[in-house]
Trainee: 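Could you have a look at this structure, given as C-alpha cells, before my questions?
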4 protein chains.
Amino acid sequence: MPRTLSDQRRAAVLEAATRAIARNGLAAPTASIAAEAGLSVGSLFNYFPTKTALLNGLYLHLKHDLAAAVAEPPIPDGPLRDRAGEGWRRWIRWGAADPDKQRVLMLIETSHELTDQSRRDGTAAMQGADALFAEAQAGGPFADQPLEFLVAMVGALAATTMEAVSREPEQFDSRCHVGFTAVWAAIGSGGRSSDTGTDGKRSQA
Amino acid sequence: MPRTLSDQRRAAVLEAATRAIARNGLAAPTASIAAEAGLSVGSLFNYFPTKTALLNGLYLHLKHDLAAAVAEPPIPDGPLRDRAGEGWRRWIRWGAADPDKQRVLMLIETSHELTDQSRRDGTAAMQGADALFAEAQAGGPFADQPLEFLVAMVGALAATTMEAVSREPEQFDSRCHVGFTAVWAAIGSGGRSSDTGTDGKRSQA
Amino acid sequence: MPRTLSDQRRAAVLEAATRAIARNGLAAPTASIAAEAGLSVGSLFNYFPTKTALLNGLYLHLKHDLAAAVAEPPIPDGPLRDRAGEGWRRWIRWGAADPDKQRVLMLIETSHELTDQSRRDGTAAMQGADALFAEAQAGGPFADQPLEFLVAMVGALAATTMEAVSREPEQFDSRCHVGFTAVWAAIGSGGRSSDTGTDGKRSQA
Amino acid sequence: MPRTLSDQRRAAVLEAATRAIARNGLAAPTASIAAEAGLSVGSLFNYFPTKTALLNGLYLHLKHDLAAAVAEPPIPDGPLRDRAGEGWRRWIRWGAADPDKQRVLMLIETSHELTDQSRRDGTAAMQGADALFAEAQAGGPFADQPLEFLVAMVGALAATTMEAVSREPEQFDSRCHVGFTAVWAAIGSGGRSSDTGTDGKRSQA
DNA sequence: AATGAATGAGCATTCATTCAT
DNA sequence: GATGAATGAATGCTCATTCAT
C-alpha cells in the first residue's frame, strides 16, 4: 500500500504550508509550498485539489494538533480550577513552542477561505478543551452567556498570551498566570469563593 | 489652478477600501476599491502611491478613528474604574457600530504590509485610551507585566467583544460587562478591595 | 507679445527632453520632462500636442543645432579637403561637447516615432554640411554611390568618433584624425593624388 | 516527467522577439512576443524570468549568431586583407539577409536594458571576428588607437552598409567594397604597400 | 503516482492625454 | 495660459490549476 508514503507527504505539505504561510501570509504561492515540502506542484494538487482545500485541511490539522496537545495525556482529576489551569498551560505551551501554527490558524480563521463545515469541525475538535471552561462557566454569574462567546474570549486571550510567551519564553509562568486570571474572570468565576482565588494567598483576603 | 487633491476623495477611498477589504480580504483589487470610491484606478494612485501605502494609510486612519471615538468627548472625572469602563464601552460601541472597521484593522495588523513606523504611529494614537488601563494596572499585582502585553490583552478582548456585540447588538450591556470583567482581571485589579470588586453587588456576596 | 516667453519655455522643454531621454530613453515620461523643464504637464502639452510631436520637434531642433554648429561661422575658403576636415572637426566637437544631444538624436532616428516629413526636414537641414562631403565624392571612384549612403556612412563614423571623444576629450585630435581618414576613404578620395594623403604634412614624411 | 523546457520553444521566443521588436521597438509587449511565438504569456516567463532577461538573452543570441556567421566555415588562409575582406562580406551578408536582427541588436545595445555582463559577453563572442581587424591595425599608423574604438568604427560601418544592402541587395558587391575601403582606412592600413592597396594606384606611392 | 511546463485570467502600476479650475 | 488632478487603456508579471509525459 502506498498509504504510508501518502500520509508522510501529506503531512509534509501541511508543515510546509504552515511555514510558508507564516512567512508570507495566505498569499504564499502553492508552488512555494510544494517546493518547501519537497514535492512538485502537480503532486501537491494530488493531495489537495485546490488551494482552498489545502487551507481548510491545514486549519483542521492545526486545530486537531492543538486539541490533542491540550487533552493528551489526560488531565488528572482534581478541582476544576486546577484542571482548567493545566489545560490552559498546555494550550499556551503549544502555541509558544511553534508560533507559526498559531499564527496560521488565526490567518485562516479570519480569511474567507474557511468553509462553514471546516469551522464547525474545528470547533468540534476543540470541544474537549472547551468543555473544561464551559463547565466552569456553568454555575456562575455569566452562565447565560453563549458558549461561543466564552470560547472566543478564551481563544483571544490564549492567542495573545502565546504571542507574548513566544517572544519571552522565560516568562511562561508569569504570562500564563495573567492570562488565566483573565480567562477565569471572563468565565465568571473570578470572584467566587469556591475558586479559592487564582492563588491561595488571595483567598484569604 | 487645477482641481485640488481633495480630502473628501481621500476619505472616500479609505471608506471604500474598508468595505472592499472587509468583503474580500486584503486581496481586494485596487480597481474595485477605486470603483467603490467613485474614482478611476489612476486617481486612486494619486492619493496613495502604492497599495501598501493605502493599507498603511487605512490602518492609521482607522486607529485614529478608534482613538477619537474612545477619547472624545472627554471622559468625565470619576473613579478610575468608572472611567475605564466608559472608555471600554465606547471602544466596543465603535467596533460594533461598524464591524468592517475592526475587521480591517485586524487584517492589516496581522499582514506583512504594515510598516514598523505605521505600527508605532498606530500605537501612539491609542496612547490616550491605553493610559486608562495602564493606570489601573499600575498599583496592582500585575504591575510588572509589560504594558505591551496588557494592551494586547485588552485589544484582543475588545475585538472579541465587538464581534459578539455586532452579531447581537441588543446584548451590548451584557457582553460589555463580561468583557470588562476580563479586562479588569487581566489588569490585575480584579480582586482588589479598592475597586469594590468587579461590580458593587458582587462584592457584598 | 508673449512670444519671447513662449520661446524660452519651448526651448526649456527641448533641453529638458534631451536630458530626460538621454537618461531614461524614449520611454521617459512626459511628466518628468515637464518637471525638468520647470513646467506643468498641462503646459507641456500646450507647446507640443503629443509626445510624438515633441519627439519630432526635438529631432529637428537637434538637427538644426548640429547643422548650425558645423556651418557657422562660415568655413573659410581653401582646399576641399581642408574645408571638409574643418566641418568634420566641428561636427565631432558638437557631439563631444554634449553627448546627450547626439545620443538622443540617434534614439529618435532609430525609433518609429519619426515621421517621414521630419526625416526629410532633418536631412535638408544638414544639406550644407553634407554638401562638403558630396563635393568630395563627386569626381572620385565612388561617385556612383547614392548620396544617402555616403551621408549615412559619414554619420555613423561621426557618431562613433563623438562617443569616443566624449569619453576621452583629450584624444580629440587623434580620434578626429582616424575618423576623418575613414570618411575620406568612404568618399572615395582616400587614394587620390590631389589629396596628397590623409594630411599634407604626413605625406612628406 | 513533464514536458521539458524545449530549446525549440526558446528559439521560437527569440525569433518572435526579434520580429516584434523590429516592428514595434523595445516597447513591444511581452504578450505580443509570446503570441507570435505561439506561446502563452505565462510560458514566455518560464523561458525568461523578466523582459530584461529576454532582451539580454536575445542580445547574446544575436551576437553569437552574427559571430558564427562571420567565423564559420573557417576563413581559408591567405593574405590578411583577403581574409578580413571575406569576414567583412560575411558580416554584411548576415545583416542584409535579415535586417531585423541587426536592427534589434542595435536597439538593445543603445537601450539601458543591457547589463554590463551581457555587453562583455557579447564583445567576447565577437572576438574572433574582431581579431581579424585588430591584426590589420597592429603594425599600422593607428596601432595606438584603442581596440574598442576600432571595433566600434567597424561596427558602425557594418551597420550602415548592411542597411544599404538590405535596401538594394543587388548592390551587395558595390556597397561592400565602399564599406570595406572605409574600414581598411579606419584601421590605418589604407595606405600601406603590404596591402597592395585598396586600389592599385596607392601602392605605387 | 509524480513531474513541471503550459495556460491565461487577474493584478498593481504607469503614463499620455484631457479638462475643470 | 497655466496647473495638476482625473482618466483608463496598456503592460509586465504572478499564480492556481491543468495536462502531457
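The sequence lines fix the lettering, A, B, ..., with proteins before strands; numbering per chain opens at 1. Just so we're clear, the structure is a prediction, and the values are computed from it rather than from any experiment.
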Trainee: I'd like to check the side chain to side chain donor-acceptor pair (under 3.5 Å) partners of Gln117(C); sequence neighbours left out, ordered by chain and number.
Mentor: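 Scan of Gln117(C) (side chain to side chain donor-acceptor pair (under 3.5 Å), adjacent residues dropped) gives Arg120(C), Asp121(C).
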Trainee: Is there a side-chain contact between Tyr47(B) and Ser6(B) in this structure, where contact means two heavy atoms from C-beta onward sitting under 4.5 Å apart?
Mentor: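 Yes, close enough: below the 4.5 Å cut-off.
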Trainee: I need the CZ-C1' distance between Arg10(D) and dA5(E), as an integer number of Å.
Mentor: 16 Å
Trainee: Given side chains that start at C-beta, do those of Met126(D) and His64(D) come closer than 4.5 Å, heavy atoms only?
Mentor: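 Side-chain contact under 4.5 Å: no.
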Trainee: Tell me: CG of Leu44(C) to P of dC15(E), nearest whole Å?
Mentor: 15 Å
Trainee: Can you give each donor-acceptor pair under 3.5 Å made by side-chain atoms of residues 11-25 of chain B, sequence neighbours left out, with the distance rounded to 0.1 Å?
Mentor:
from     : atom 1 : to        : atom 2 : distance (Å)
Thr18(B) : OG1    : Leu14(B)  : O      : 2.8
Arg19(B) : NH1    : Asp98(B)  : OD1    : 3.4
Arg19(B) : NH1    : Asp98(B)  : OD2    : 3.4
Arg19(B) : NH1    : Asp100(B) : OD2    : 3.1
Arg19(B) : NH2    : Asp98(B)  : OD2    : 2.9
Arg23(B) : NH2    : Glu36(B)  : OE1    : 2.8
Arg23(B) : NH2    : Glu36(B)  : OE2    : 3.0

Trainee: My understanding is that only residues two or more places apart in sequence, or in another chain, count here; which of them pass side chain to side chain donor-acceptor pair (under 3.5 Å) with Lys101(B)?
Mentor: Asp65(B)
Trainee: Not counting sequence neighbours, which residues clear side chain to side chain donor-acceptor pair (under 3.5 Å) with Thr50(B)? List them please.
Mentor: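 Partners of Thr50(B) under the side chain to side chain donor-acceptor pair (under 3.5 Å) test: none.
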Trainee: Could you run down nucleotides 8-13 of chain E 5' to 3' and tag each one B, S or - for protein heavy-atom contact under 4.0 Å?
Mentor: B--SSB
Trainee: Is there a side-chain contact between Asn56(B) and Leu60(B), using heavy atoms and a 4.5 Å cut-off?
Mentor: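 Of all side-chain heavy-atom pairs linking Leu60(B) with Asn56(B), none is under 4.5 Å.
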Trainee: Go through it in stages, so that I can follow the logic: the residues are Glu163(C) and Gln102(C), the test is side chain to side chain contact (heavy atoms under 4.5 Å, CB included), and I'd like the CA-CA distance, side-chain angles, deciding distance and then a yes or no.
Mentor: CA-CA 9 Å; Glu163(C) 168 108 5; Gln102(C) 161 63 18; over 6 Å; no
Trainee: Round to the nearest Å and state the distance from Glu113(D) atom CD to dG12(F) atom P.
Mentor: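 To the nearest whole Å, that distance equals 10 Å.
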Trainee: Within the pair Tyr47(D) and dA5(E), is there a side-chain N or O less than 4.0 Å away from OP1 or OP2?
Mentor: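 Tyr47(D) to dA5(E) OP1/OP2: no side-chain N or O under 4.0 Å.
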Trainee: Let me confirm one number: the OH-CZ distance from Tyr59(C) to Arg119(C), rounded to the nearest 0.5 Å.
Mentor: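 It comes to 6.0 Å.
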Trainee: Can you tell me if the side-chain N/O atoms of Asn46(B) get under 4.0 Å from OP1 or OP2 in dG4(F)?
Mentor: no
Trainee: Looking only at side-chain N and O atoms, does Arg9(A) come under 4.0 Å of OP1 or OP2 in dA1(E)?
Mentor: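 For Arg9(A), the contact criterion (side-chain N or O under 4.0 Å from OP1 or OP2 of dA1(E)) is not met.
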Trainee: Separation of Phe48(A) atom CZ from dA2(E) atom P, in whole Å?
Mentor: 13 Å
Trainee: Atom CG of Leu39(B) to atom C1' of dG8(F): distance rounded to whole Å?
Mentor: 12 Å
Trainee: So what's the dot-bracket for DNA chain F: Watson-Crick or G-U pairs under 3.5 Å, [ ] if a pair crosses, | if it pairs off-strand?
Mentor: .||||||||||||||||||||
Trainee: Quickly work out the Leu54(A) CG to dA16(F) C1' distance and round it to whole Å.
Mentor: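 Spelled out: CG on Leu54(A) to C1' on dA16(F) is 12 Å.
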Trainee: Ile21(A) CD1 to dA16(F) P: how many Å, rounded?
Mentor: 10 Å
